[in-house]
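All remarks here apply to the structure that follows.
What you are looking at is a predicted structure, and each value in this text was computed from that prediction instead of being measured. Below, each value reflects all heavy atoms present in this structure, side chains not excepted, and no hydrogens, waters or symmetry copies. To find a chain, count down the sequence lines: A is the first, B the second, and so on, and within it residues start at 1.
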Amino acid sequence: MNERLVMLREIQELEFTAIELNLFLDTHPQERAALRDFYAVRNKLMEAVRRYEEIYGPLTATGCSPKAHQWLWIESPWPWEIEYE
Amino acid sequence: MFKHNIQSFYGQPGLAARDYKIVQNAAGVKSEDVQDVQATGLFPSVRLAQAFVIWQKYGPTFSPAEALEKGTLFPDLYSPYPY
């Protein structure tokens, strides 16, 4: 479970950073450095999500799933059922 | 001079309402609403506020881990105080 939490934490951090850069770019669309950082974070985020879903199943209903013949989406744990600390 | 200022600041609502009405019509505010508010004499007809926000420049940012912990990616926006 610990490895799963570590991967989840990384995804949360990357997604938060992507959203922050997104909000900044909304008001500073010309800012090249921010745009570059945004794409770097976005690529890392998508890679982290892909790796996580490959092992543990979809984070979103339309995410990938290691078991093609099983609807993993409804399996536990749901986000609020996870002990993050 | 000083007395006059107090007078106009808390002055009779009627006077304030008449001045205020001219300004407000441009903004499409129904003048009788404005007069009601002013008529109570509670609100002097002064500008509400003048916000001044410095334009944010892109500089060094927190790492993703630190950003999630601190609640912002930008050191300039980080406030260590709980409230």
Item to complete: Please list, chain by chain and in numerical order, all residues satisfying ring pair (Phe, Tyr, Trp, His ring centres under 6.0 Å) with A:Y56, sequence neighbours excluded.
Response: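 Testing A:Y56 for ring pair (Phe, Tyr, Trp, His ring centres under 6.0 Å), a comparison that skips the adjacent residues, returns A:Y52.
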Fill in: Which residues share a ring pair (Phe, Tyr, Trp, His ring centres under 6.0 Å) with A:W78, sequence neighbours left out
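Here the qualifying residues are A:W73, A:W80.
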Discussion item. Testing the basics here: between A:F16 and B:L73, what is the closest heavy-atom pair and its distance to 0.1 Å?
Written reply: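 Taking every non-hydrogen atom into account, CE2-N, 4.4 Å.
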Report every donor-acceptor pair between chain A and chain B with a separation under 3.5 Å, backbone and side chains included.
residue: A:R9; atom: NH2; partner: B:E69; partner atom: OE1; Å: 3.1
residue: A:E20; atom: OE1; partner: B:T72; partner atom: OG1; Å: 3.3
residue: A:E20; atom: OE1; partner: B:L73; partner atom: N; Å: 2.9
residue: A:H28; atom: NE2; partner: B:W55; partner atom: NE1; Å: 3.4
residue: A:H28; atom: NE2; partner: B:Q56; partner atom: O; Å: 2.7
residue: A:D37; atom: OD2; partner: B:Y58; partner atom: OH; Å: 2.5

What donor-acceptor contacts under 3.5 angstrom involve side-chain atoms of residues 60-72 of chain A, with partners at least two apart or in another chain?
residue: A:T60; atom: OG1; partner: A:G63; partner atom: N; Å: 3.4
residue: A:S65; atom: OG; partner: A:K67; partner atom: N; Å: 3.2
residue: A:S65; atom: OG; partner: A:K67; partner atom: O; Å: 3.2

Worksheet item: Do A:I11 and A:I55 share a hydrophobic cluster, counting only Ile, Leu, Val, Met, Phe, Trp and Tyr and linking them when any side-chain heavy atoms are less than 4.5 Å apart?
Response: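 Yes; A:I55 is reachable from A:I11 via cluster members.
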Worksheet item: Honestly curious: do A:I19 and A:L35 fall in one hydrophobic cluster under the side-chain, below-4.5 Å linking rule?
Response: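 No, A:I19 and A:L35 fall in different hydrophobic clusters.
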Worksheet entry | Neighbour count above 12 (heavy atom, 6.0 Å) for A:E81 CD |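 Counting other residues, nucleotides and ligands, CD of A:E81 exceeds 12 neighbours.
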